Amino acid sequence: MRLSTKAVAFTCAIMWGGLLLLVSLGDMMWPEYGDDILDIAADIYPFYDGPGGIGPMLLVTFYGLVDGLIGGFIFGWLYNHFAGRKEA
């Protein structure tokens with residue numbers, strides 16, 4: 001069975017970007033919520049300095065969408081590459 005790399009890429013983008021968006025929104029409502037996740041994101045993504053308003057929330061969401069899109073595409077491509085091989 002082969003996967004649609006486009007569908008996997010968009011699914012991962014929505015899931016990872018959505019997770020970072022929800023954690024950022026939660027952090028805006030409850031200042032201690034999700035600080036560890038957002039601190040890790042600040043270590044990974046350039047120009048994102050951690051929680052602190054709408055601008056950083058949109059930036060980390062954008063990074064999550066792009067990161068999930070690329071990661072999902074690579075995952076789907078690798079899956080199809082290995083699933084397509086026939087056993088000898």
Side-chain angles (χ1 to χ4, degrees):
M1 183 177 100
R2 297 183 62 81
L3 293 176
S4 167
T5 54
K6 184 177 174 182
V8 173
F10 283 121
T11 300
C12 289
I14 291 168
M15 295 297 289
W16 185 239
L19 171 90
L20 291 174
L21 174 66
L22 290 175
V23 170
S24 295
L25 285 171
D27 187 71
M28 289 174 69
M29 287 191 242
W30 306 285
E32 302 272 330
Y33 181 81
D35 281 344
D36 293 336
I37 294 172
L38 296 175
D39 288 340
I40 291 170
D43 290 338
I44 296 170
Y45 301 128
F47 307 112
Y48 176 67
D49 296 327
I54 293 180
M57 177 188 66
L58 294 175
L59 183 63
V60 77
T61 301
F62 173 75
Y63 277 135
L65 288 170
V66 172
D67 195 19
L69 189 72
I70 293 168
F73 179 82
I74 291 170
F75 177 82
W77 180 80
L78 283 172
Y79 178 87
N80 288 337
H81 177 73
F82 290 115
R85 295 183 178 211
K86 297 190 182 211
E87 293 183 24

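What you see is a predicted model, and the numbers here were worked out from it, not measured in a lab.
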**Message:** For Asp49, I'd like to know if atom CG has over 12 heavy atoms of other residues, nucleotides or ligands within 6.0 Å.
**Reply:**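 No, because the 6.0 Å sphere around CG of Asp49 holds 12 heavy atoms or fewer from other groups.
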Distance (rounded to the nearest 0.5 Å) between [X] [atom1] and [Y] [atom2]:
X     : Y     : atom1 : atom2 : result
Phe73 : Lys6  : CZ    : NZ    : 11.5 Å
Leu59 : Ser24 : CG    : OG    : 9.5 Å
Met57 : Phe62 : CE    : CZ    : 15.0 Å

When you group the ILVMFWY residues by side-chain heavy-atom contacts below 4.5 Å and let the links chain together, are [Y] and [X] in the same group?
X     : Y     : value
Ile44 : Leu65 : no
Leu38 : Leu58 : no
Ile37 : Phe47 : yes
Met29 : Leu22 : no

What is the minimum heavy-atom distance between [X] and [Y], and which atoms define it?
X     : Y     : answer
Ala42 : Gly50 : CB-N, 3.7 Å
Ala41 : Val60 : CB-CG2, 3.9 Å
Leu20 : Gly64 : CD1-CA, 3.7 Å

What pairs of donor and acceptor atoms, side-chain ones from residues 7-19 against any protein atom, are under 3.5 angstrom apart with sequence neighbours left out?
{"from": "Thr11", "atom 1": "OG1", "to": "Ala7", "atom 2": "O", "distance (Å)": "2.7"}
{"from": "Trp16", "atom 1": "NE1", "to": "Tyr45", "atom 2": "OH", "distance (Å)": "2.9"}

**Message:** Donor-acceptor pair, distance only, cut-off 3.5 Å: does the side chain of Tyr33 make one with the backbone of Leu25?
**Reply:**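 Checking the backbone N and O of Leu25 against the side chain of Tyr33, no donor-acceptor pair under 3.5 Å is found.
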**Request:** Give a yes or no answer on whether the side chain of Asn80 reaches the backbone of Leu3 with a donor-acceptor pair at less than 3.5 Å.
**Result:**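 Indeed, once roles are kept as given, a pair shorter than 3.5 Å links the two residues.
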**Parallel, tilted or perpendicular: rings of His81 and Trp77 (30°, 60°)** =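 Parallel: the ring planes of Trp77 and His81 meet at under 30°.
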